[in-house]
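Below is one structure, written out as structure tokens, with a few remarks after it.
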Amino acid sequence: MALPNVFGTKKSSDLKRMLALDIGYEVVTAAVWELQDGHAKVIKTSSPIEWHEERVEELTEASDVAFEELGKESVEIDEVLLGLQEEWVEGAHIKEDRKKYLRGLKDQLALKPIGFVVTHEALSTYLQELEGGPVNALLVEYTTAVIAVCIVRAKTKTPVVVVGRSGESIADLSEALTRIKENQYPARIIVYSARMKQEELDKEKQTLLAHDWQKVFPFQHIPKVETLPHNVVISAVCLAGGGGTSQMAEATQGETQPLFVDQEVHQNVQDVSTDFGFQEVQMDNLKSEQIGMQTETEQEEMNRDEEESVVSPSRKQFSFSPMPFFHALKTPVQKMWNSLSAGQTLSAKFHSDVRGTKTLRILSVCVVVALLGGTVFGWWYLSTTMTAQVILSLKTQPFAQDVEITLDSSLKQSDPEGGILKVDRVEKEVEGERETNTTGIKIVGDRAKGKVTLFNATSGEKTFPAGTILQGPNNLKFTLDEKVVVASSGGSAQSLQPGTASANATASNIGTESNVSEKTEFLIANFDKKSYVAVSDGAFTGGSSREIQAVAKEDQAKLEQLLMKDLQKRAIDALQQEQKDGTKIIPIGDVAVKTKIFDAKVGEEAKLVNLKLTVTAHALRYTTADLLPVAQYMLRSSLPSTMVLREEKTQIDPQEIQDTTETSVKLKATLSSEGIPTVDRSAIVQSIQGKTTAQATSILKERSEIGESVIRITPSFAGLLFGSLPESAANIQIQTKVGL
């Protein structure tokens, strides 16, 4: 459906400027774009900003950062076009469980979503228009955790398949192609990523080019691999929003290059004005306070407040010289007194009929004395009550040292001298599944069957149990299907008649070689054929064999290794999410398999084998408050006595686990932090009290531990009047910050 108030009744000459926001798998990217005279133009795009689905509010926070990067081009624009992944959308609407992520755009950022496009559809249409014809290719999007794959053929697209990244690009893409299950794949692979650098993307390209894809999958011919620029998706989203145009120009760093957009792409832009309960607002009637934006006057006042409150390192600092107050006051007061002494000039101003200059002169003197007294008192009161806040930005110094440290979960507190840190054990259970092609070969078939006559040349009856082995020509073996009793031989010595009995027999092995002919002689077990022998009554038939694709032991081992690697990374990432302010996680590589289920056993006929795996990962958690005294002690040789460690920057980077017990882990690690200089506040106050702001700033700048400084006089006009800091040390407050 069409976008409200964007592609409606406006004239082609009207300029409409809007925002766009691509919500990717783990990053968001923003853009400013405009539509004028039938042409859409991308003004500026932001860098990709990371976000995680685990925290709903993180999408709003990341989007806010992305919009801030756009700078002044995005100011006072509240309409935004959304680019959404396929899994966010159902039909022409956003899925209910995804709407909660988008409400913050309206509630907290005062934005009005005007519609959405599915990013893969927008990108495929963009590529078709860019090349001027149908596109037949695999689209492969890389993120840190997954790859998203779909096939584009002209104006059709397969559903997007998402596969977790294992570190093996060939295996990941192979799994995606297996899930897509096409009879034929296009011989063109287009890879792109919002996060990866171009050199990383080129490396993936070379990896894909080096693989023999036709060996496993039905590609038309050897596929070629291409890459797209990192901002291609957000550009495609903007192009989709300008669906009525035939051409768009993208301005990036002063360069302009033609980008084309499908005239039909606006059909993919869906209206979200009511999808979240958003009300359509006419921009012409919209007041600034309705959308949480400042008027021009309010904005100017806010800018002035910001300039007064913070002095950035790059911004020039201003100071005021002390005003020679009494000198400035002397001239007008003297003139007034002279007028009063003359007695005529001032009296004429009050009343033309006043007579008696003596009374008027006394009254005038009283007024002047009152004014002077009030001025002097005000001067004294301001000079004794005004205060100064001095904000100092302290210079930090990084420290790092290789140490051996023990992490112990049985302690109630850390032992700095023993190099032992108190920790807690935490664990995270994750599950997943993966499948791969089988490589095993197995011979299957049927055994030959037939009937034999057993001969007994001895004088006693002989019983042969079922399973008795009959050995034929070429060492072929057969077994009796049933128990057989063969009578003893009879007749005279000159005409011996052996006893006989018939029985069914089956070949021991499958294959056609067991299909022996009639009258074939068999040895019975290990007996001499002069005593016992068997002969086939007819030909043995039914023996056959063939090769099948089966599960090999190596297939299961490789599949388990890949899935275990993937789950281990996911488990560590999940444990890292447990980190809160002041806590850190140290993975110790302890991953235990809880359940392991293959859908096919070794030797079973199968083209694919699937594995479902559940693992539990263990890690150690510590607080920076517990680490701080240990780090302070370990870094004491390199840490000056005038510095203390910065708690939030103090951390352990594990290098090698040396020894483990049930409750402790000993490891080699790099201990790093930042040193914060201690300052003598009283000495600083003594050095700047009564000084002008310029003198005080110069004095503070000379101190090696201080980077930047900001001086604020309260009330502010007292700073303009006196031009100096208070004389009293009690009226000067020192505040320190790190990285002001």
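Residues Arg188 and Glu226 are paired through a salt bridge, judged by an N-O separation under 4.0 Å between the basic side chain and the carboxylate. A salt bridge does not link Glu121 with Lys157: none of the charged nitrogens is closer than 4.0 Å to a carboxylate oxygen. A salt bridge is absent between Glu431 and Lys594: the closest approach of a Lys/Arg side-chain nitrogen to an acidic carboxylate oxygen does not fall below 4.0 angstrom. Under 4.0 Å is where a charged nitrogen must lie from a carboxylate oxygen, and between Lys558 and Glu168 no such pair does. With respect to Glu87 and Arg98, a salt bridge is recorded, a charged nitrogen being found less than 4.0 Å from a carboxylate O. Taking 4.0 Å as the cut-off between side-chain N and carboxylate O, Glu199 and Lys203 do not count as a salt-bridged pair.
Using a 3.5 Å distance cut-off with no hydrogens or angles, the side chains of Thr178 and Glu435 do not pair a donor with an acceptor. Side chain to side chain, Asp573 and Gln577 fail the donor-acceptor criterion of an N or O pair below 3.5 Å. Under 3.5 Å, the side chains of Ser166 and Asp566 contain no donor-acceptor pair of N or O atoms. Neither side chain, Thr29 nor Asp22, offers a donor N or O lying under 3.5 Å from an acceptor on the other. Defined by atom type and a distance below 3.5 Å, a donor-acceptor pair is missing between the side-chain atoms of Glu427 and Thr616.
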* I would like to know whether Leu139 and Leu127 meet side chain to side chain contact (heavy atoms under 4.5 Å, CB included); could you show each step before the answer? => CA-CA 11 Å; Leu139 292 183; Leu127 293 176; 3.7 Å; yes

* To do: Apply side chain to side chain contact (heavy atoms under 4.5 Å, CB included) to Glu96 and Lys99, showing your working.
  => CA-CA 5 Å; Glu96 286 298 326; Lys99 291 181 182 179; 2.9 Å; yes

* Please lay out, stage by stage, how Lys612 and Thr595 fare under the test side chain to side chain contact (heavy atoms under 4.5 Å, CB included). => CA-CA 8 Å; Lys612 292 182 179 179; Thr595 60; over 6 Å; no

* To do: Give the intermediate values and the outcome of side chain to side chain contact (heavy atoms under 4.5 Å, CB included) for residues Asn437 and Lys607.
  => CA-CA 6 Å; Asn437 296 320; Lys607 292 184 178 181; 6.0 Å; no

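Rounding to the nearest 0.5 Å places CZ of Phe598 at 8.0 Å from CG of Leu613. Here the straight-line distance linking atom NZ of Lys44 with atom CD of Glu69 works out to 8.0 Å at 0.5 Å rounding. Distance check: Ser124 OG to Glu129 CD gives 10.5 Å after rounding to the nearest 0.5 Å. Here the straight-line distance linking atom CD1 of Ile77 with atom CG of Leu19 works out to 5.0 Å at 0.5 Å rounding.
With contacts defined as side-chain heavy-atom distances shorter than 4.5 Å, the pair Val232/Pro229 qualifies. Between Leu105 and Leu21 there is a side-chain heavy-atom pair separated by less than 4.5 Å. For the pair Val149/Val163, no side-chain contact is recorded, criterion being any heavy-atom separation below 4.5 Å from C-beta on. Looking at Val80 and Leu109, their side chains never come closer than 4.5 Å, going by heavy atoms from C-beta outward. The shortest distance between side-chain heavy atoms of Glu175 and Thr436 does not fall below 4.5 Å. Counting heavy atoms from C-beta on, the side chains of Val216 and Leu177 never come closer than 4.5 Å. The shortest side-chain heavy-atom distance between Leu208 and Lys205 does not fall under the 4.5 Å cut-off. Side chains of Lys584 and Ile652 form no contact here, defined as non-hydrogen atoms less than 4.5 Å apart.
Note: Trp213 and Phe217 have tilted aromatic rings, judged against thresholds of 30 and 60 degrees for the angle between ring planes.
Between Tyr101 and Trp88, the distance from one ring center to the other falls under 6.0 angstrom.
Summarising the local packing, CD of Gln655 is surrounded by more than 12 heavy atoms from other residues, nucleotides or ligands at distances under 6.0 Å. Within a 6.0 Å sphere centred on CD1 of Ile170, other residues, nucleotides and ligands contribute more than 12 heavy atoms. Counting non-hydrogen atoms of other residues, nucleotides and ligands closer than 6.0 Å to CD of Gln561 gives a total of 12 or fewer.
None of Glu141, Glu200, Glu26 except one satisfies the salt bridge (charged side-chain N to carboxylate O under 4.0 Å, His left out) rule with Arg195; the exception is Glu26.
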